[in-house]
*Asks:* 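So that we are looking at the same thing, I have put the structure below in structure tokens.
Owing to the predicted nature of the structure, the values given are computational and were not obtained by experimental measurement.
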Protein chains: 2
Amino acid sequence: MKFSPLLDEMIKALQVLPGVGPKSAQRMAFQLLERERSRGVRLAQTLTRALTEIGHCSQCRTFTENEQCELCASPKRAENGLLCVVESPADVAAIEQTGHYSGRYFVLMGHLSPLDGIGPQELGLEILEQRLRAEQIEELILATNPTIEGDATAYYIAEMARAAGVKVSRIAHGVPVGGELELVDGTTLSHSLMGRQPLI
Amino acid sequence: MKFSPLLDEMIKALQVLPGVGPKSAQRMAFQLLERERSRGVRLAQTLTRALTEIGHCSQCRTFTENEQCELCASPKRAENGLLCVVESPADVAAIEQTGHYSGRYFVLMGHLSPLDGIGPQELGLEILEQRLRAEQIEELILATNPTIEGDATAYYIAEMARAAGVKVSRIAHGVPVGGELELVDGTTLSHSLMGRQPLI
């Protein structure tokens, strides 16, 4: 025991946060105790509320404290009949920030990873299949990460979409805009060659 | 607004922690929501309890939820009449870990820094002065950091101790054990020369 029992407990509890080890937890505890007591208490209240109230959107599975998230609740979003599959809510935020997409999303909350016990059910794919059959979806856009697991997940969902008779596409992989060819890895470069587009 | 209002609020609240910006706060929020709900709730409870219950030891000013910290409450610690002044509770932990000190501590919770409005009163120096006069203190050891502010604080307290007729010393500054001379900065090296000790 290095500090008082309660302070020790506080430092240990803070280590539940990702990337926080004993040293940073200690620094956080001291900072909160010395300078940020009221904001710290507010943090604790917000954490309690968020962790008990936030669940998943019944339509797209993203995090929300309501039954449906804002994007799914907006009828405007259904107009173009696009549905974009992503791995995490952060991906939704990233795509929203581009301003080039106005359809709906489906958030997998992960990717297929049989070794970790994450199968189609854990990703809510039965909800997606239901939506593919019940809704008027013009195109399913697969925007999972360009990793082995992300690709495998995309192919799995593509098969599902084909079976349901829905047109399916994958976002383009290639040389990042502003990047230099000689600095791009070989796999990305082959992808950019295979995915070449007619120019005129 | 990138996420649901409550999730946004959670991500913002997490940024009260030192070293946590928007990106890591988002990662923390997702991790807690996806995988660590129960431990997250426990973190919130511990935070609330710690931030409301932990105060300062009436004797040495370190963090404790009791009126006196464990070290001050132990009569064994008063036997050798040593009192060591440090800047923070982490310094107490560091010195305790050496196993070479068995006296008591006085924790300043900072150092003199007039520009930031931190004067003798903010460091509880009137409590220290009272102890210097009331208690049987054989030696006051100044273990503030070897920085400009730490040195200034040490000199200020040394004057106080002299006025109270208490012997006062400063921990040695010099080449770290295991370090190589050629890699040590000049100021440290001068300190180690000035503080040389007779060998036999």
*Asks:* According to a hydrophobic-cluster definition based on side-chain heavy atoms being under 4.5 Å apart (Ile, Leu, Val, Met, Phe, Trp, Tyr only), do A:Met160 and A:Ile118 belong together?
*Replies:* yes
*Asks:* Which pair of non-hydrogen atoms, one from A:Ala50 and one from B:Leu33, has the smallest distance, and what is that distance?
*Replies:*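 The pair with the smallest heavy-atom distance is O-CD2, 4.0 Å.
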*Asks:* Name the option with the most non-hydrogen atom pairs under 4.5 Å to chain B; the candidates are A:Ala90, A:Ala29, A:Ser88, A:Gly55.
*Replies:* A:Ala90
*Asks:* Top residue by heavy-atom pair count (under 4.5 Å) with chain B, among A:Leu71, A:Val20, A:Leu32?
*Replies:* A:Leu32
*Asks:* Let me check something: do A:Leu82 and A:Ile127 share a hydrophobic cluster, defined by ILVMFWY side-chain heavy atoms less than 4.5 Å apart, either directly or through other members?
*Replies:*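 No; tracing contacts between hydrophobic side chains, which count when under 4.5 Å, never links both residues.
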*Asks:* Could you check whether any side-chain heavy atom of B:Leu43 comes within less than 4.5 Å of a side-chain heavy atom of A:Leu14, counting everything from C-beta outward?
*Replies:* yes
*Asks:* Identify the heavy atoms of A:Pro89 and B:Phe30 that sit nearest to each other, and give their distance.
*Replies:* CB-CZ, 3.8 Å
*Asks:* With a 4.5 Å heavy-atom cut-off, do A:Thr64 and B:Leu6 have their side chains touching?
*Replies:* no
*Asks:* Can you measure from CD1 (B:Ile54) to CG (A:Leu7) and round to the nearest 0.5 angstrom?
*Replies:*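 Between atom CD1 of B:Ile54 and atom CG of A:Leu7 there are 4.5 Å.
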*Asks:* Using heavy-atom distances under 4.5 Å, tell me whether B:Gln31 contacts chain A through its side chain, its backbone, both, or neither.
*Replies:*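 The answer is the side chain of B:Gln31.
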*Asks:* Give the cluster check for B:Val166 versus B:Phe106: same hydrophobic cluster or not, with ILVMFWY residues linked at side-chain heavy-atom distances below 4.5 Å.
*Replies:* yes
*Asks:* So which residue, A:Val41, A:Leu17, A:Thr62, ends up with the most heavy-atom pairs under 4.5 Å with chain B?
*Replies:* A:Leu17
*Asks:* Is the number of heavy atoms from other residues, nucleotides or ligands within 6.0 Å of OH (A:Tyr156) greater than 12?
*Replies:*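 Not more than 12 within 6.0 Å, no.
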*Asks:* Taking B:Glu36, B:Glu9, B:His56 one by one, which has the highest count of heavy-atom pairs under 4.5 Å against chain A?
*Replies:* B:Glu9
*Asks:* Do you reckon A:Leu132 sits in the same ILVMFWY cluster as A:Val168, going by side-chain contacts under 4.5 Å, direct or chained?
*Replies:* yes
*Asks:* Is chain A contacted by the side chain of B:Glu96, its backbone, both, or neither, given a heavy-atom distance below 4.5 Å?
*Replies:*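 Contact with chain A: none, neither part.
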*Asks:* Run the numbers on A:Lys12 and B:Thr46 for side chain to side chain contact (heavy atoms under 4.5 Å, CB included), then give the verdict.
*Replies:* CA-CA 10 Å; A:Lys12 224 169 173 179; B:Thr46 311; over 6 Å; no
*Asks:* Specify the closest pair of heavy atoms between A:Leu47 and B:Ala44, including all atoms of both residues, with the distance to one decimal.
*Replies:* CB-CB, 3.9 Å
*Asks:* Tell me, out of A:Gln97, A:Glu53, A:Gln15, A:Arg49, who's got the most heavy-atom pairs with chain B below 4.5 Å.
*Replies:* A:Arg49
*Asks:* How close do B:Pro5 and A:Glu65 get, counting heavy atoms only, and between which atoms?
*Replies:*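 Scanning both residues, the minimum pair turns out to be CD-OE2, 3.5 Å.
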*Asks:* Answer yes or no: does atom CG of B:Leu183 have more than 12 heavy-atom neighbours from other residues, nucleotides or ligands under 6.0 Å?
*Replies:*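 Atom CG in B:Leu183 is crowded, with more than 12 foreign heavy atoms closer than 6.0 Å.
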*Asks:* Is A:Leu128 linked to A:Val107 within one hydrophobic cluster, defined over Ile, Leu, Val, Met, Phe, Trp and Tyr using a side-chain heavy-atom separation of less than 4.5 Å?
*Replies:* no
*Asks:* Mind ranking A:Arg42, A:Gln26, A:Gln45, A:Glu34 by heavy-atom pairs under 4.5 Å with chain B and telling me who comes out on top?
*Replies:* A:Glu34
*Asks:* Looking at A:Gln130, I'd like to know if its CD atom is crowded, meaning that more than 12 non-hydrogen atoms belonging to other residues, nucleotides or ligands lie closer than 6.0 Å.
*Replies:*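 No.
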*Asks:* Please flag which part of A:Val92 lies under 4.5 Å from any non-hydrogen atom of chain B: side chain, backbone, both or neither.
*Replies:*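 Contact with chain B involves no heavy atom of A:Val92 at all.
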*Asks:* With sequence neighbours excluded, tell me which residues meet salt bridge (charged side-chain N to carboxylate O under 4.0 Å, His left out) with B:Arg37.
*Replies:* none
